[in-house]
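Only heavy atoms go into these numbers, but all of them, side chains included; no hydrogens, no water, no symmetry mates. Whatever order the structure lists ligands and atoms in, that order sets their numbers, starting from 1.
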Amino acid sequence: GASFAELYAELCVIGRGSFGEVLKVRRRSDSRTLVCKVLSYGQMSEKEKQLVVSEVNILRELKHRHVVQYFDRVLDKRAAKIYIIMEYCENGDMGRQIKRMRRDRSHFEETRVWKFLAQLLLAFEACHNRKDIILHRDIKPCNIFLDRDMNIKVGDFGLAKELGAESQFAYTNVGTPYYMSPELINEKRYNEKSDIWALGCLIYEMCALRPPFEAANVVSLGKRISAGRFSRIPMRYSDELQAVVQSMLTLSPTRRPSVSQLMSLPRVGSYVVRAR
Ligand SMILES: CNC(=O)c1c(C)[nH]c(/C=C2\C(=O)Nc3ccc(Cl)cc32)c1C
């Protein structure tokens with residue numbers, strides 16, 4: 001088939017992940033601006049290659065307005081690279097937005113935080129309802145993207161997640177696992193409720209512009225998370241929002257609300273726009 005360069009014009013590098021680069025590209029056929037994740041699989045084991053193939057196949061099936069849309073993939077056997085073409089999100093990642101808010105001493109309006117929560121829950125609902133999908137499990141601000149209207153688009157970090165786990169890759173995910181849930185610290189299995197914990201950390205960070213649990217190193221971070229104490233989100237936000245964040249940061253996974261319980265909250269429901 002046609003090569004990557006024949007189909008897409010490379011515009012610039014807009015991100016570097018632990019797995020490769022994220023390029024801004026223009027599709028030659030219709031001049032649409034898209035994004036391309038370049039994965040070099042030269043050093044991958046057979047198992048990792050299989051993981052990439054299965055991840056991409058899952059990506060292709062998942063179509064949801066709050067999940068980053070997958071468009072195409074191009075394999076370059078000679079260069080041992082796979083190009084994954086996805087939707088361009090003009091407002092970049094949430095991590096960058098939060099940094100900008102902090103720098104400008106600004107903040108997200110409460111209504112926008114509720115809207116983000118509703119959109120993230122819709123994306124999770126789409127993922128959770130497809131038991132087979134392992135897309136999320138690495139929810140953090142830099143994996144959440146925003147389109148030109150500031151709508152949430154959950155990234156496809158499944159690739160990085162699987163590759164990073166056991167690959168010889170310089171898995172440069174040096175970030176501190178701020179959103180690690182208590183059950184993960186106690187080596188329990190990861191489950192949907194671990195996503196709810198991470199979602200609670202994310203919503204908390206959108207309000208406080210810093211994560212609920214911080215520490216100098218992973219060990220003391222683990223202790224703080226297991227203790228489960230964190231300060232209230234800033235007073236400009238309602239007790240209702242504080243209560244929802246508090247419920248998602250419940251230490252016991254079984255007592256943490258599920259996606260559907262959170263979606264049934266009246267304040268959340270008012271922001272849930274159901275596809276017709
Ligand atoms: C400074 N960063 C940016 O401006 C930026 C913008 C405008 N978009 C992005 C990233 C993506 C983007 O726009 N679409 C994406 C789809 C998948 C993945 Cl893993 C990343 C992206 C970034 C990192």
> Looking at ligand 1, would Gly92 count as a contact under a 4.0 Å heavy-atom criterion?
yes
> Provide the closest heavy-atom pair for Ser231 versus Arg210 in the form atom of the first, atom of the second, distance.
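Between these two residues, the closest heavy atoms are OG-NH2, 2.9 Å.
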> If only side-chain N and O atoms count, and only distance matters, is there a donor-acceptor pair under 3.5 Å linking Gln242 with Gln246?
yes
> Side chain or backbone of Val35 under 4.0 Å from ligand 1, or both, or neither, by non-hydrogen atoms?
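Side chain only.
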> Applying salt bridge (charged side-chain N to carboxylate O under 4.0 Å, His left out) as the test, list every pair that has at least one member in residues 240-265; sequence neighbours left out.
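Sorted pair list: Glu183-Arg256, Glu240-Arg267.
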> For ligand 1, which part of Glu90 has a heavy atom less than 4.0 Å away: the side chain, the backbone, both, or neither?
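Backbone only.
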> Ligand 1 and Val68, any nitrogen or oxygen pair closer than 3.5 angstrom?
no
> Indicate whether any N or O donor in one side chain lies under 3.5 Å from an N or O acceptor in the other, for Ser260 and Ser258.
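On atom types as modelled, these side chains qualify, holding a pair under 3.5 Å.
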> Among Glu87, Met86, Lys24, which one puts a heavy atom closest to atom 14 (N) of ligand 1?
Glu87
> Begin with the C-alpha distance, continue with both residues' side-chain angles, and end with the deciding distance and a verdict on ring-ring contact (aromatic ring centres under 6.0 Å, His included) for Tyr83 and Tyr8.
CA-CA 10 Å; Tyr83 298 92; Tyr8 303 94; 8.7 Å; no
